Amino acid sequence: MNPERCRAVYAALEAAYGPQGWWPAQTPFEVMVGAVLTQNTAWTNVERALARLTGRIALTAEAILALDEADLADALRPSGYFNIKARRLRSFCEGFLAGGGLPGLGALDTAPLRQHLLAIPGVGPETADDMLLYAFARPVFVVDAYTRRVFTRLRLLRGDEGYETIRAAFETALGADVPLFNAYHALIVRHGKEVCRKHPRCDCCCLRGGCPAGHEQGAALRVKASLHS
DNA sequence: TACCAGGAGAAAA
DNA sequence: TTTTCTCATGGT
């Protein structure tokens, strides 16, 4: 990843959409719970599930583990995959407590902390990196489906690279910068929602030469204009 | 109606 | 080792 190009994309996104104020949560633990619940799920549905959950219990690992798994699944119903997520949230809480909770985990260096999170069933690379960046403020770049899609259309990725390859590409290009990683990932998600979800099969806004289907509009067009001017 | 969403893990090839 | 399938509600 060309560093100048990588920063130019960030600048274009920041100019088009402004600060996103991520992660939308009150506490680090809430960030981590949200990271599990948002797996392949729209955030609006996660909010419903979180509201149902906090309406029944305090948002702590102990309280979640004290809840019957069927009741936990019922609370998580609006976020989809509720049976799987109930199991994953419980296993996460167990791993969270086994690691000494926030103080214990926070005392670990980034690499062992990432390893600990990845060893928890239901916590994959993206979920672990969400937690590292947004709950523990570690310089880890979060790669998601939007990242792959937007940067593939920008011709800055081929599209078939593995997760770790893409993560390393961003971290090398940008250097360890928590506030930048935080804002950049949020902007990629924002941009992906603005454009690519509406027209998933075209190169809307992200290609030189314009969208063949005529889908360019609004902030997406401004991003493109600033990138290719 | 059909498709997609801030993935992960198991099963099959 | 790589690809495919499963999990599921809610919005567009």
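Please read these numbers as outputs of a predicted model, since none were measured by experiment. First the proteins, then the strands, lettered A, B, ... as listed; each starts at 1.
- Shortest non-hydrogen contact noted between A:G159 and A:E161 is N-OE1, 2.8 Å.
- Residues A:L174 and A:R7 share a closest heavy-atom pair of O-NH2, 3.1 Å.
- The two atoms that bring A:L65 and A:C93 nearest to each other are CG-CB, 3.7 Å, heavy atoms only.
- Look at the P atom in both B:dT1 and C:dA8: the space between them is 22 Å, to the nearest Å.
- Distances were taken from every side-chain heavy atom of A:R88 (C-beta onward) to each of B:dA5, B:dG9, C:dG10; the shortest belongs to B:dG9.
- Taking only side-chain nitrogens and oxygens, A:N83 comes nearer than 4.0 Å to OP1 or OP2 of C:dA8.
- The side-chain hydrogen bond (donor to acceptor under 3.5 Å, both in side chains) with A:R138 is formed by just one residue from the set A:D109, A:T110, A:D129; it is A:T110.
- Residues A:H185 and A:V142 share a closest heavy-atom pair of ND1-O, 3.3 Å.
- Contact annotation for A:D144: backbone-only contact, meaning every heavy-atom pair under 4.0 Å involves sugar-phosphate atoms and none involves a base.
- Nearest nucleotide to the side chain of A:Y81, out of C:dC7, C:dT9, B:dA8: C:dC7.
- With A:F141 as reference, A:F181 is the one residue of A:F181, A:F151, A:Y163 to meet the ring-ring contact (aromatic ring centres under 6.0 Å, His included) rule.
- The NZ atom of A:K193 sits 14 Å away from the P atom of C:dG11 (whole-angstrom rounding).
- Closest-nucleotide positions on DNA chain B for A:V123 and A:H185 were compared, and the one nearer the 5' end corresponds to A:H185.
- Neither OP1 nor OP2 of B:dG7 sits under 4.0 Å from any side-chain N or O of A:R148.
- A straight line from CG of A:L50 to P of C:dT9 spans 18 Å, rounded to a whole angstrom.
- Across the protein-nucleic acid pair, A:W43 atom CH2 and C:dT9 atom C1' stand 16 Å apart, rounded to whole Å.
- The residue from A:N182, A:D130, A:L133 that alone fulfils the side-chain contact (heavy atoms from CB on, under 4.5 Å) condition with A:W23 is A:D130.
- The nearest whole Å value for the distance from the CZ atom in A:R52 to the C1' atom in C:dG10 is 13 Å.
- One interatomic measurement links the two molecules: CG of A:L37 to C1' of C:dA8, which rounds to 13 Å at whole-angstrom precision.
- For the pair A:R87 CZ and B:dA8 C1', the computed distance is 11 Å after rounding to whole Å.
- Put simply, A:R149 has a side-chain N or O that comes within less than 4.0 Å of OP1 or OP2 on B:dA5.
- A residue-by-residue look at A:T41 and A:T44 shows that A:T41 has its nearest nucleotide of DNA chain C further toward the 5' end.
- Here the side chains of A:F29 and A:I64 are in contact, with some heavy-atom distance below 4.5 Å.
- Residue A:N40 contributes atom CG, which lies 13 Å from atom C1' of C:dC5 at whole-angstrom precision.
- Picking from B:dA5, C:dC7, C:dT9 the nucleotide with the shortest atom distance to the side chain of A:I84 gives C:dC7.
- Going from the P atom of C:dG10 to that of B:dA8 covers 22 Å, rounded to whole Å.
- Residues from residues 124-139 of chain A lying near DNA chain B, meaning a heavy-atom separation below 4.0 Å, are A:G124, A:P125, A:E126, A:T127 in numerical order.
- Going from atom NZ of A:K85 over to atom C1' of B:dG7 covers 9 Å, rounded to whole Å.
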